[in-house]
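Okay, so here's the structure we're looking at.
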Amino acid sequence: MRTGKYGGRVWTRFPPEPNGYLHYGHAKSICLNFGLAAENGGRCNLRFDDTNPVKEDVEFEESIAHSVRWLGFDWGEHRYHASDYYDLLYRFAEWFIEQGLAYVESQSADEMRAARGTLTEAGRASPYRGRGVEENLALFRRMRAGEFGDGAHVLRLKIDMASPNINMRDPAIYRIRHASHHRTGDKWCIYPLYDYTHCISDALERITHSICTLEFQDHRPLYDWVIERLAEGGLLERPLPQQYEFARLNLTYVVLSKRKLIQLVRDGHVDGWDDPRMPTLVGARRRGFTPEGFRLFAERIGVSKSDSWIDMSVLEDCMREDLNARAQRRIAVLDPVKLVIDNYPAGQSEECFAPNHPQQPELGKRALAFGRELLIEREDFAEHPPKGYFRLSPGAEVRLRYAFVVRCTGFEKDGEGNVTVVHCTYDPDTKSGTPGADARKVKGNIHWLSAEHARQAEVRLYDRLFSTPFPGSSAPAASAVNHAPEQGHSMLAGDDDTDPGEAAERSFIDDLNPLSKRVIRAFVEPALAGAAAEDRFQFERHGYFVADLADHRADAPVFNRAVTLRDSWGKSG
Ligand code: ATP
Ligand code: MG
């Protein structure tokens, strides 16, 4: 990106509209804006683009600010609102009128639309385009004073009704809206529109690189036109900000449009905005995803000028990679069956030691109680083992991880044929960590908990919210999905910008994954009950889990599955 005209200064901004919760797509934009500033010793402003009084709320602002901080970024004292500039924006609008560069339009919205023309056909001038400066000023002031109803007039820039770019055909910049604004209250009944507000806000904040998504590419001439005129008039300082576009994040197995996310919450398909399955940042946090994982993801997918789809597995792999490095290991038995060691003395117990992290010995070990009655996973025993099954079955030997080698001697079933108890004997000379323990080679290695010491926990097994990669539409060409991350490259590389396949829409609701949430009663090692909310762990052989932010308590532990150890979607789906 060119930084020459700014003397190496890189000031960016992240400009969310406070009308909802941030999603994974915003995380890409946040990492890009804050990351670019940080790499260049610059700064990034948090600016709430609050020009639509009806849909916005302080509650959203706080959640947004919190999510940006959660991702690890800091705007310092540079927290702004587009509404901070309402007075100036109004003054500049009067200036445009005085220069003969804006006029009050009194046609209806429909009439304006009909006269706007098409891509191949020029627009037609409005009958009000020739209004004189005095009349325009007087009308605009009366608009501000509240003399007209919503929609009676708008203020338009006078640019070029024949421009090949429809955005330049006298765009509206102010509209009447008799509505209270969450920050300015009832001070205004006219509100500036996005294209006019955004470029001026950038210029007032001395932004250098105004980064936005590709659909604003066609708005760039308008962006430049507005601030160029104001700079020529001495109302804005140079150098002016420059707009750069990048491809928005499209992710498979999820939806990122605000409208669809609202529908999921409103119709009860999920348990609120922070449901761990929601692609919101509040949901991600509850899911056990990490800020570092998102930053890794943003780096890995890079920035490009061509729209494409990123496969969900890329994000999940980033989370696995980060969690693998930082999460301590713990034992949980999710679907228990009892294992009785018949030659282990009743009433006796001893300690076995398990490393907290296999690659980080400095994190130490913890003691696990071992005894005659244990819990193991039901699927770690097979009455009739299939070929290649190396776990417990009649006559077979396995190592109980961090403990002894045991041999299965029998099992019991209930009236319905379900296995209720597995019996075995242990070899006291094979305790892990004691001399000669490794001499005994067995193929299987399973985890276990002492039945007496294990604690009950609620475990919420979350999976992808949708069971198809493109919810609600048929697939774009498979080649359009990036499974392997591409190398990040410059936004100015100038590659093509094709649109993602916009297919006819069925209801995305039909594609919800019925197994996206399963709640089970499981058993966990005692240390896990003492976990603090949001502590993340690897449950050995199962995946990464987090103590639930809202519901986890020492006397009623609750864990959410963030992600399994391996991707099971690539093969089956
Ligand atoms: P919607 O259009 O669904 O209401 P939005 O994208 O307009 O949402 P904003 O709050 O206006 O939401 O977005 C704030 C910033 O985040 C903008 O700069 C926008 O470009 C960026 N952004 C939004 N969605 C994505 C996405 N999917 N990928 C990358 N950046 C995004
Ligand atoms: Mg927007």
Side-chain angles (χ1 to χ4, degrees), residues 12-37 44-52 54-57 59-68 71 73 75 79-83 193-195 197-199 201-202 205 207 209-220 223 241 243-265 273 278-282 284 294-295 297-310 312 314-315 470-471 482 488 491 497 499-500 502 508:
T12 58
R13 84 288 170 267
F14 173 64
E17 199 180 325
N19 64 350
Y21 294 87
L22 296 184
H23 56 58
Y24 297 172
H26 293 116
K28 175 180 178 180
S29 175
I30 292 166
C31 291
L32 177 56
N33 279 295
F34 280 91
L36 194 66
C44 181
N45 298 352
L46 174 62
R47 183 199 312 143
F48 292 104
D49 221 326
D50 57 349
T51 49
N52 185 349
V54 195
K55 290 199 293 187
E56 293 156 3
D57 211 309
E59 179 200 323
F60 293 131
E61 286 198 13
E62 286 325 305
S63 162
I64 288 169
H66 197 274
S67 288
V68 176
L71 279 177
F73 299 107
W75 52 87
R79 175 171 170 160
Y80 304 112
H81 292 82
S83 57
L193 290 163
Y194 176 87
D195 280 329
T197 309
H198 201 84
C199 56
S201 304
D202 283 345
E205 291 176 19
I207 298 304
H209 300 71
S210 177
I211 301 169
C212 62
T213 45
L214 282 176
E215 62 278 17
F216 289 96
Q217 204 157 21
D218 290 345
H219 297 238
R220 198 192 322 145
Y223 182 102
Q243 176 179 305
Y244 296 89
E245 304 87 13
F246 73 105
R248 66 171 42 239
L249 174 66
N250 296 307
L251 200 59
T252 60
Y253 293 96
V254 86
V255 292
L256 291 179
S257 119
K258 240 173 243 170
R259 179 178 59 80
K260 291 178 181 170
L261 296 180
I262 287 169
Q263 193 179 332
L264 289 172
V265 173
W273 287 98
M278 284 286 276
T280 52
L281 296 184
V282 286
F294 276 109
R295 300 207 297 266
F297 175 66
E299 199 178 295
R300 200 160 278 180
I301 60 177
V303 179
S304 92
K305 267 208 168 286
S306 56
D307 257 318
S308 67
W309 287 81
I310 303 291
M312 180 58 93
V314 178
L315 176 63
F470 308 101
N482 284 320
M491 281 186 276
D497 49 89
D499 275 309
E502 188 80 23
F508 67 103

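Residue indices begin at 1 and follow the sequence shown. Whatever order the structure lists them in is the order used to number ligands and atoms, beginning at 1.
Between the choices Glu215, His23, His26, the shortest heavy-atom distance to atom 16 (O) of ligand 1 belongs to His26. Of the listed options Leu214, Leu22, Leu249, Leu249 places a heavy atom closest to atom 28 (N) of ligand 1.
A side-chain donor-acceptor contact under 3.5 Å links Gln243 to the backbone of Phe216. One N or O on the side chain of His23 and one on the backbone of Leu256 form a donor-acceptor pair closer than 3.5 Å.
Neither the backbone nor the side chain of Tyr24 comes within contact range of ligand 1; no heavy atom lies under 4.0 Å.
The shortest N or O to N or O distance between Ser257 and ligand 1 is not below 3.5 Å. Taking only nitrogen or oxygen atoms, main chain and side chain alike, Lys28 does not reach within less than 3.5 Å of ligand 1.
If you number the atoms of ligand 1 from 1 as listed, the ones under 4.0 Å from a heavy atom of Phe14 come out as 15 (C), 16 (O). Interface of Phe246 with ligand 1, defined as ligand atoms under 4.0 Å from a residue heavy atom, comprises 29 (C), 30 (N).
Checked by atom type, the side-chain pair Tyr223/Asp202 shows a donor-acceptor distance below 3.5 Å.
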Decide yes or no on ring pair (Phe, Tyr, Trp, His ring centres under 6.0 Å) for Tyr21 and Phe60, but give the supporting numbers first.
CA-CA 6 Å; Tyr21 294 87; Phe60 293 131; 5.4 Å; yes

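Here Phe470 and Tyr253 keep their ring centres 6.0 angstrom or further from each other.
Remark: Lys260 qualifies as a cation-pi partner of Phe508 under the 6.0 Å distance and 45° angle criteria applied to the six-membered ring.
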